[in-house]
Amino acid sequence: EDALAKEQFLVYLQPKYRIKDENLVGAEALVRWIHPELGFQPPDKFIPLFEKNGFITKLDQYVWDKTCALIKEWDDRGFTPISVSVNVSRADIYNADLADILIKIINKYGLAPSRLHLEITESAYTENPKQIIDTVTHLRELGFIIEMDDFGSGYSSYNVLLKTQVDIIKLDRMFFQKQLTEKYAKMLNYTILALKEMDLKILAEGVETKEYVDFLKSAGCDYVQGFYYYKPMPLDEFQQLIDKQAEVQTA
Ligand code: C2E
Ligand code: CA
Ligand code: CA
């Protein structure tokens, strides 16, 4: 609580690119903790703990608010509108006020809900299917865009899709850490094809090589996010990036 009040948590942004024209079309907000004694802390170190002690709900709301404030700031500066995704922890799903909290933040900055994408990890869908289906359905009705995070990392990915309607599938990064053999390329191709048949947009996450970017383009994947383009970066660096894109577009 003290760290939150002292603004020790920072929002980093990792760009998302549309693969067909390689335009920056969005970003994912990822939190970092600049600890006064321990220094820079990656989320893997503290998120699991905050999910256990319940603090994650507060931290997430802080990140959502900061993110909406940024979107509004860029809009005011006349940038091409982009959407930003935030992570919604499984703990947030159990909060009966989740939709109200999100709507309040959106309204505070006068944004359309579709500008804020909500990432919910695949495994959350299997833990409490009824609650999550109801929540996701409601959030979609309100206009939020739902991204299913870490798709393919669990055991029942397709089963989950049968029960829930989402907008974007984020293919888990483990898919792109393997060597792209002929057989594996076929498997990925059919996976992407199957998801497209279900009217889903597909984002590949954790893409590090040109080989995979080229492959994903030919396979019909929609978006890419990964170190091949950029690592998550502090705000000022991200701002420079969209500044540059605005220059290119007006040139
Ligand atoms: P995630 O939601 O799956 O986020 C993507 C992670 O993949 C990020 O790690 C990002 O830095 C990493 N990544 C992106 N591209 C590449 C790549 O090309 N190669 C590799 N090896 N990694 C890549 P990060 O930022 O350390 O975040 C880790 C996890 O912490 C996130 O996984 C998410 O589950 C959680 N997290 C981060 N920020 C928040 C937050 O604000 N709220 C909640 N609830 N969870 C968060
Ligand atoms: Ca995520
Ligand atoms: Ca992910």
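Since the model is a prediction, treat every value here as computed from it, not as a measurement. Basis for what follows: all heavy atoms, side chains included, without hydrogens, waters or symmetry-related copies. Whatever order the structure lists them in is the order used to number ligands and atoms, beginning at 1. Residue indices begin at 1 and follow the sequence shown.
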Who's the nearest protein heavy-atom neighbour of atom 38 (N) of ligand 1, and how far?
Val31 N, 3.1 Å
Polar proximity ligand 1 side, Arg32 side, N/O cut 3.5 Å exclusive
yes
Contact partition for Thr121 relative to ligand 1, non-hydrogen atoms under 4.0 Å
neither
What N/O/S atom of Asp150 gets nearest to the Ca ion (ligand 3)?
OD1
Just to check, does Glu205 reach to within less than 4.0 Å of ligand 1 when the distance is taken from its heavy atoms?
yes
Against heavy atoms of Gly226, which atoms of ligand 1 measure under 4.0 Å?
15 (N), 18 (O)
Taking 4.0 angstrom as the limit and counting only heavy atoms of Glu28, give me the atoms of ligand 1 inside it, by number and element.
2 (O), 4 (O)
Under 4.0 Å, heavy atoms only, figure out whether ligand 1 is touched by the backbone of Glu51, its side chain, both or neither.
neither
Of all the N, O or S atoms in Asp149, the one nearest to the Ca ion (ligand 2) is OD2
Apply salt bridge (Lys or Arg N to Asp or Glu O under 4.0 Å) to residues Arg173 and Asp150 and explain how you reach the verdict.
CA-CA 7 Å; Arg173 63 174 182 263; Asp150 312 316; 5.8 Å; no
If you scan protein heavy atoms around atom 18 (O) of ligand 1, the nearest is Phe227 N, 2.7 Å
For ligand 1, which part of Val207 has a heavy atom less than 4.0 Å away: the side chain, the backbone, both, or neither?
backbone
Verify the distance test for Glu119 against the Ca ion (ligand 2): any N/O/S atom under 3.0 Å, yes or no.
yes
Which residue holds the protein heavy atom closest to atom 3 (O) of ligand 1, what is that atom called, and what is the gap in Å?
Asp150 OD1, 3.3 Å
Check each atom of ligand 1 against the heavy atoms of Asp60 and keep those under 4.0 Å away; list them by number with element.
40 (C), 41 (O), 42 (N), 43 (C), 44 (N)
For Gln14, the ligand 1 atoms with a heavy-atom partner under 4.0 Å come out as 14 (C), 15 (N)
Check for me whether the distance between the ring centres of Tyr184 and Phe175 falls short of 6.0 Å.
no
Would you confirm whether any non-hydrogen atom of the protein falls under 4.0 Å from atom 15 (N) of ligand 1?
yes
Aromatic ring centroids of Trp64 and Tyr109 under 6.0 Å?
no
Do Lys201 and Asp167 meet the salt-bridge criterion of a basic N to acidic O distance under 4.0 Å?
no
Starting from atom 6 (C) of ligand 1, locate the nearest protein heavy atom and write down its residue, its atom name and how far away it is, to 0.1 Å.
Arg173 NH1, 3.1 Å
Does a side-chain N-to-carboxylate-O contact under 4.0 Å join Lys130 and Asp134?
yes
Shortest protein contact, atom 45 (N) of ligand 1 (heavy atom only)
Ile47 CD1, 3.6 Å
Kindly indicate whether a cation-pi arrangement holds for Arg32 with Tyr12, taking the cut-offs as under 6.0 Å to the six-membered ring centre and within 45° of the axis.
yes
Presence of N, O or S from Thr121 under 3.0 Å of the Ca ion (ligand 2)
no
Just to be sure I read this right, does ligand 1 sit under 4.0 Å from the backbone of Leu30, its side chain, both, or neither, counting only heavy atoms?
both
Specify whether Phe215 and Tyr212 have parallel, tilted or perpendicular ring planes, treating 30° as the upper limit for parallel and 60° as the lower limit for perpendicular.
perpendicular
Atom 29 (C) of ligand 1 has as its nearest protein heavy atom Asp44 OD1, 3.6 Å
Looking only at N, O or S atoms in Glu205, which is nearest to the Ca ion (ligand 3)?
OE2
Under 4.0 Å, heavy-atom basis, I'd like to know which part of Pro232 is in contact with ligand 1: side chain, backbone, both or neither.
side chain
Restricting to N, O or S atoms of Glu28, which is nearest to the Ca ion (ligand 2)?
OE2
Mind checking whether Ile56 contacts ligand 1 via backbone (N, CA, C, O), side chain (CB onward), both or neither, at a 4.0 Å heavy-atom cut-off?
side chain
Atom pair CG/CG of Leu161 and Leu200 - distance to nearest 0.5 Å
6.0 Å
Contact check, side chains of Val84 and Leu70, non-hydrogen atoms, under 4.5 Å:
no
Any ion pair linking Lys20 and Asp222 (charged N to carboxylate O, less than 4.0 Å)?
no
Quick check: Gln177 and ligand 1, any N/O pair under 3.5 Å apart?
no
Are any of the N or O atoms of Glu208 closer than 3.5 Å to those of ligand 1?
yes
Quick one: look at Lys231 and ligand 1, take heavy-atom pairs under 4.0 Å, and tell me if it's side chain, backbone, both or neither.
neither
Taking the six-membered ring of Phe227, is NZ or CZ of Lys231 closer than 6.0 Å to its centre and within 45° of its axis?
yes
Looking at atom 9 (O) of ligand 1, tell me if a protein heavy atom falls under 4.0 Å from it.
no
For salt bridge (Lys or Arg N to Asp or Glu O under 4.0 Å), just list the numbers for Asp21 and Arg18, CA-CA rounded to whole Å, side-chain angles, deciding distance to a tenth of an Å, and then say yes or no.
CA-CA 6 Å; Asp21 53 12; Arg18 182 166 51 218; 2.9 Å; yes
Under the criterion side chain to side chain contact (heavy atoms under 4.5 Å, CB included), I'd like the reasoning laid out for Leu241 against Leu24: C-alpha separation, chi angles, the key distance, then a yes or no.
CA-CA 9 Å; Leu241 211 65; Leu24 191 163; 3.7 Å; yes
Spatial distance of atom CG (Asp97) from atom NZ (Lys104) [nearest 0.5 Å]
9.5 Å
My question is simple, although I want it checked carefully: is atom 41 (O) of ligand 1 less than 4.0 angstrom from any protein heavy atom?
yes
Do Lys210 and Tyr228 come close enough that some side-chain heavy atom pair is under 4.5 Å?
yes
Using a strict threshold of under 4.0 Å (side-chain N to carboxylate O), is an ion pair present between Glu1 and Lys6?
no
of all protein heavy atoms, closest to atom 24 (P) of ligand 1 is Pro43 CG, 3.6 Å
Single hit among Glu28, Gln14, Glu119, Gln225 for side-chain hydrogen bond (donor to acceptor under 3.5 Å, both in side chains) with Ser85:
Glu119
Side-chain ion pair, Lys170 and Glu122, N-O less than 4.0 Å:
no
Salt bridge (Lys or Arg N to Asp or Glu O under 4.0 Å) between Arg115 and Asp75, intermediate numbers included:
CA-CA 11 Å; Arg115 302 293 295 287; Asp75 282 1; 2.8 Å; yes
Heavy-atom nearest neighbour in the protein, as seen from atom 34 (O) of ligand 1, with distance rounded to 0.1 Å:
Asn87 OD1, 4.8 Å
Any N/O of Gln225 closer than 3.5 Å to an N/O of ligand 1?
no
